[in-house]
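Here's the structure, in structure tokens; my notes come after.
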Amino acid sequence: MFKKILIANRGEIALRIIRSCKDLGIKTIAVYSDIDRSSPHVQFADEAYPLGGTTSAETYLDGNKIIRIAKDHGAEAVHPGYGFLAENAAFARDAQNAGLVFIGPSPESIELMGSKTAARSLMEKHGVPTIPGSKKALQSEEEALAEAQRIGYPVLLKASAGGGGKGMRLVENPGELPSALQSASREAQSAFGDSSIYIEKYLEQPRHIEFQILADSHGNVVYLGERECSIQRRHQKIIEEAPSVVLDSELRKKMGRAAIQAAKACNYLNAGTIEFMLDKHRNFYFLEMNTRLQVEHPVTELVTGLDLVQEQIRIACGEAISLSSVGERFWGHAVECRIYAEDVENNFTPSPGKITYLKPADGPGIREDSGVMQGNEISLYYDPMISKLIAWGKDREQAVRRMIRALKEYQLSGIKTNIPFLIRILQHPAFISGELSTTFIDEHRSELFKQPVTSPEAIGLMALLKHINRQRRISYRSDKNHKTPTSQWKMLGRMKHSR
Amino acid sequence: MFKKILIANRGEIALRIIRSCKDLGIKTIAVYSDIDRSSPHVQFADEAYPLGGTTSAETYLDGNKIIRIAKDHGAEAVHPGYGFLAENAAFARDAQNAGLVFIGPSPESIELMGSKTAARSLMEKHGVPTIPGSKKALQSEEEALAEAQRIGYPVLLKASAGGGGKGMRLVENPGELPSALQSASREAQSAFGDSSIYIEKYLEQPRHIEFQILADSHGNVVYLGERECSIQRRHQKIIEEAPSVVLDSELRKKMGRAAIQAAKACNYLNAGTIEFMLDKHRNFYFLEMNTRLQVEHPVTELVTGLDLVQEQIRIACGEAISLSSVGERFWGHAVECRIYAEDVENNFTPSPGKITYLKPADGPGIREDSGVMQGNEISLYYDPMISKLIAWGKDREQAVRRMIRALKEYQLSGIKTNIPFLIRILQHPAFISGELSTTFIDEHRSELFKQPVTSPEAIGLMALLKHINRQRRISYRSDKNHKTPTSQWKMLGRMKHSR
Amino acid sequence: MKYIVKIQDRKYTFDYSENDKKISNQNNEPLDYDWVELGNGCFSLILNGNSYICHVSEQNGGYQIMVDGEVVSATIEDEQSLTLNKFVKAHAKEPSEQVIKAPIPGLVTRIFVQAGDKLKKDASLLALEAMKMENLIKAPCECTVEKIFVKSGQTVQQNQPLIQLKKSG
Amino acid sequence: MKYIVKIQDRKYTFDYSENDKKISNQNNEPLDYDWVELGNGCFSLILNGNSYICHVSEQNGGYQIMVDGEVVSATIEDEQSLTLNKFVKAHAKEPSEQVIKAPIPGLVTRIFVQAGDKLKKDASLLALEAMKMENLIKAPCECTVEKIFVKSGQTVQQNQPLIQLKKSG
């Protein structure tokens, strides 16, 4: 087993990896940008070294700086988390050349699956179904128009190097295509340094179902069941669950086998995810492969009992995976909500700022993977995700009810978050009955942006009492439910003395 | 299902019950003493009413006040939690007479098992093995001396009405007996209003193994496996786990059947716990039955997937339990640590005070059932337990490692706690190898009260930096690892602007 | 003293007595309340036995209240200021000019309009990139572009003026 | 300025320069440190690349440091005060009288001794009940009881004097 690992990431995922390392008795090195000095991942690592600078390019994307720190301080391996350098083949190669173990697949697998068009071709060659569309990056507006005509509107434009909804556009008719293509291309360039865009058939009411796989260096490949991630806004997942209500054992086996085929097709090593779209006729199509840990991996952990980060580390150490049929039977049901700093009413735009008050939820069935502390700042420089709340229940209903309870308990002030919006989704009849699709939020827009339900009189009174007592700390109880006002003052006096 | 339940308790257990009610869609009523106005159970209940007063007798032990509030505000049932009125037959009867459902067993069962000596006789009649000793309350010092002589020293004095280590004394020889008897008797009078004491054989290196049972109104009685609660200080449990490392399937079945026999002997209804002592020859003896939810119930929840409070409510509603063989197979392993406000070095005396800083642990495998918020006071009036931290792992090793990680992450200031002591127990080789007994802490005293391991130079520096900068908030980085000191000041300036 | 609390589009009137701290609502019913600060802007309110835990912060002269996972904004006026404001409003005309400000800090990646353009509602004005996402800023109504304060490639702060529009008609 | 930090029974000397904020340890090695307050008395220290999160609070003129689940007490003296203290100590004799104070608030349930009693180490002095638990207060050394300040049944505050003892021999 490794003695020391450098974690080339920040936020909740860095802290989450540190925790798994501690549980294995492995020392950890954190790296940090200037504005992350006060972030939890820096405090909870055994060692921490500054990267110097603030932008992603100067810090968490600067592979050379990170490799140098790893070598200087005796790390044997690097865990890239997700995002940043996690799917950067050059970094994986540089790390290996520097004598470090990259905790992930080979640079060749990353490259192969990193190009969405190349990945599609490979899948087709290996009999994994793909969505109809152009196989390669579009060369011109004319080609895009012709291709769209061939497969039929609506179509989806997607970044070749992309993921996470960046550089993605839905186009309903030929008139919209030229400007959508330009804007997607610009976004792709800025996010991935590659402006290539491809086109594909847009599926109606599709579900996003993905399979978690593990592959070791002894040739074993297993799947750990699926996650349904259909609830998305701006093409980004916000609620994920495992298992999916729509899969039966037969379909799960069929998709699981396809996932293993996909992994084998690129000689995959370590943890990876095969994303599929499932249409209403229960046809599934390969979407892409994420050659890294997913944001939503905790729901799989809760229903399989595995620690996926520990599995990653063991595989990277050369150990063989010793799992059998974990992909078929699950322990209850798990749901994850991503808590984002964003302004839901304003098209989910990021809402940066300082967290002035934070008291997370806890209690039965609740796990939190958070990357922030009270006083931390959600900046513009990185992803605006604050925390992941994960609920487990013996069935889906219990998991969802526990999640709603936890979201209502969660207290965070200073910035706008999507917590109220998440609660409205979870309470929506269509969500409760499991009628999900990637267009869920658009379909149910009118009910999801409804007004709050707490008594307006109580809310009004809260504002008034704060207003009246802005300058002093008061504690007042009207006398109806209590013996006399006097006893209240006595009580306060007593409390002061006992402090 | 009930529409509204009153919770006749405080602290973590009141909040924990509120959470289960929320998950079932049941409204909750909290009651509170004057000094508990700012406690979480008051904030998270749907309704809250003051009991008026501070002492237990004026508040959480005043059944009449509580029943009146329940009736006035439309509660259909009362959940007593543990402690206070949970094992008070008169309260259960009064509640029923007032038309409320008491969520627990019948007053008759409570009475029967409430007297430790009557319970022992009943068990012997039903073939459940008990520890050799006097069957009834001792009438005099002479009787005590004679009885002790008969069963042989060492002997244990115990309160007839007791539980939780109160009124309990270990006596090694006849010379110690008179004063121990007086002091135990006084403590029993003050804790339970009953000074009766009985005597029994003291088992050497015994383990405390208890069985969780559920009994419904349709005649079904099941056991949900065992909990090992051998780690105790001052005769009170501080670390509990499920399953126990010492039980094999055969012994588990044997003890489980005895537990069901015990429950049937007193016509038991709802959740209850049969406590056994297991000696080194694997003989087990009935210790007592707790006719209520236990503090340590969460470890059973984590390995069975059940919510025991919800099971209690369903049974109280007349539903039949639908569980089969849950008592035989478990999902991984769970450990609970009770975090107490106490001064470990000073014989575990309570350490009351205000919690000036609180940031609990979270992350994979960690559940917290807490009853306090930052700013709350641990008072002298009630039990000094602050919180329960519970860790789950796929095996015992992982659960224990996660618990150690969480305890090290847990940050609480203002009062002394037993956190450092808990860590030293969990890291002790005898604990790791599962060699537990109720005398564990005494046996390993010299290693458990060892000094800290963090670099003293670092600790010294922390004190010095706080000392130097008492008056102002500083942020200083020496320049060795960073480009220039200037860039640090620049960074700070940048941060200020973006706030 | 009477206070008017505005939550979204609705108004609630409360009467507060400085002397005995009693508060009655718009139906002149006295409110049975118990209000305790738990710390850090976090409060407990028990109103007619109903318990709420909330976090109240000041925001743009009003208040933001977080309760039960929901966030609500409220503004408060007392009798006197309200009377004054009504007078001012009655004598002012509705402004026909509007300055579009940056809703978030970010980078202006593209400007789609120029001064003098007549626009329909929801026409794209400019693209603002923040946290790697492109955000389109659109026209709030039919209007004419009056002034453009920023250039493509420019970094802007939150609330920095971007474009001045004049309402059509 | 030199500072002496005492942790349990060991002493650590640091040299701190007000000008450049540099600190060196007792071996005159400059320490590479980075110290940030995270809020509420919670601090982050990075010392030679090792990261610690700690909570430091003032306590009886010294400091209590909580780090990695452990709690350590420290006291600090600077050169000047240390020299002064040494002088005072050298001229004072060790006190032979000791007042036993209540370690916790509680109720005195029983007093086992009376003035004039000669006691062995660990002899029970009195019983103090708090949080429903009886706590025996014992003699710290061989001694004689000089004065008893409390009565059975009396409620006492933390640090309230209970009994005055005189060390034997």
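Given the structure is predicted, the values throughout are model-derived calculations rather than measurements. Throughout, protein chains are lettered first and strands after them, A, B, ... in sequence-line order, and every chain is numbered starting at 1.
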Note to self: Tell me which of these, C:Met66, C:Gln59, C:Arg10, C:Gln26, has more heavy-atom pairs under 4.5 Å with chain A than the rest.
What the structure shows: C:Met66
Check: Looking at A:Leu464, A:Asp343, A:Leu407, which one has more heavy-atom pairs under 4.5 Å with chain C than the rest?
Finding: A:Leu464
Item checked: Non-hydrogen side-chain atoms of A:Lys359 and C:Cys42 separated by less than 4.5 Å -> no
Checklist line | Closest contact, heavy atoms only, C:Ile65 versus A:Ala463 | finding: CD1-CB, 3.7 Å
Next item on the list: Go through the atoms of C:Leu136 and report whether side chain, backbone, both or neither lie under 4.5 Å from a heavy atom of chain A.
Entry: neither
Item checked: Shortest non-hydrogen separation from A:Ile423 to C:Asp68 and the atoms involved -> CD1-O, 4.1 Å
Check: Which atom pair, heavy atoms only, marks the closest approach of C:Tyr63 to A:His467?
Finding: OH-ND1, 2.7 Å
Note to self: Would you compute the distance between atom CD1 of A:Ile459 and atom CD of C:Gln8 and round it to the nearest 0.5 angstrom?
What the structure shows: 8.0 Å
Check: When rounded to the nearest 0.5 angstrom, what is the spacing between OG in A:Ser190 and CG in C:Leu107?
Finding: 8.0 Å
Check: In terms of heavy-atom pairs under 4.5 Å with chain C, which of A:Leu412, A:Asn346, A:Thr417 leads?
Finding: A:Leu412
Notebook entry, point to check: What is the distance from atom CE of A:Met462 to atom OH of C:Tyr33, rounded to the nearest 0.5 Å?
Noted result: 13.5 Å
Item checked: Atom NZ of A:Lys237: over 12 foreign heavy atoms under 6.0 Å -> yes
Check: So do C:Arg110 and A:Gln182 actually touch side chain to side chain, heavy atoms under 4.5 Å?
Finding: yes
Margin query: Using heavy-atom distances under 4.5 Å, tell me whether C:Gln64 contacts chain A through its side chain, its backbone, both, or neither.
Written below: side chain
Check: Quick one: side-chain contact (heavy atoms from CB on, under 4.5 Å) partners of A:Thr356, sequence neighbours excluded?
Finding: A:Ser413
Check: CZ of A:Arg186 to OG1 of C:Thr109: how many Å apart, nearest 0.5 Å?
Finding: 5.5 Å
Margin query: Looking at every heavy atom in both A:Leu461 and C:Phe14, which two are closest together, and how far apart are they?
Written below: N-CZ, 3.8 Å
Next item on the list: Check C:Gly39 against A:Tyr357 and note the closest heavy-atom contact, atom names and distance.
Entry: O-CE1, 4.1 Å
Notebook entry, point to check: Within a reach of under 6.0 Å around CG of C:Asp9, are more than 12 heavy atoms found that belong to other residues, nucleotides or ligands?
Noted result: no
Note to self: C:Thr75: which residues meet the side-chain contact (heavy atoms from CB on, under 4.5 Å) condition with it, sequence neighbours left out?
What the structure shows: C:Lys6
Next item on the list: Report the C-alpha distance between A:Leu465 and C:Ile23 in whole Å, list the side-chain angles of each, state the deciding distance to 0.1 Å, and finish with yes or no for side-chain contact (heavy atoms from CB on, under 4.5 Å).
Entry: CA-CA 10 Å; A:Leu465 286 163; C:Ile23 300 180; 3.8 Å; yes
Checklist line | Minimum heavy-atom distance A:Glu457-C:Leu31, with the two atoms named | finding: OE2-CD2, 3.5 Å
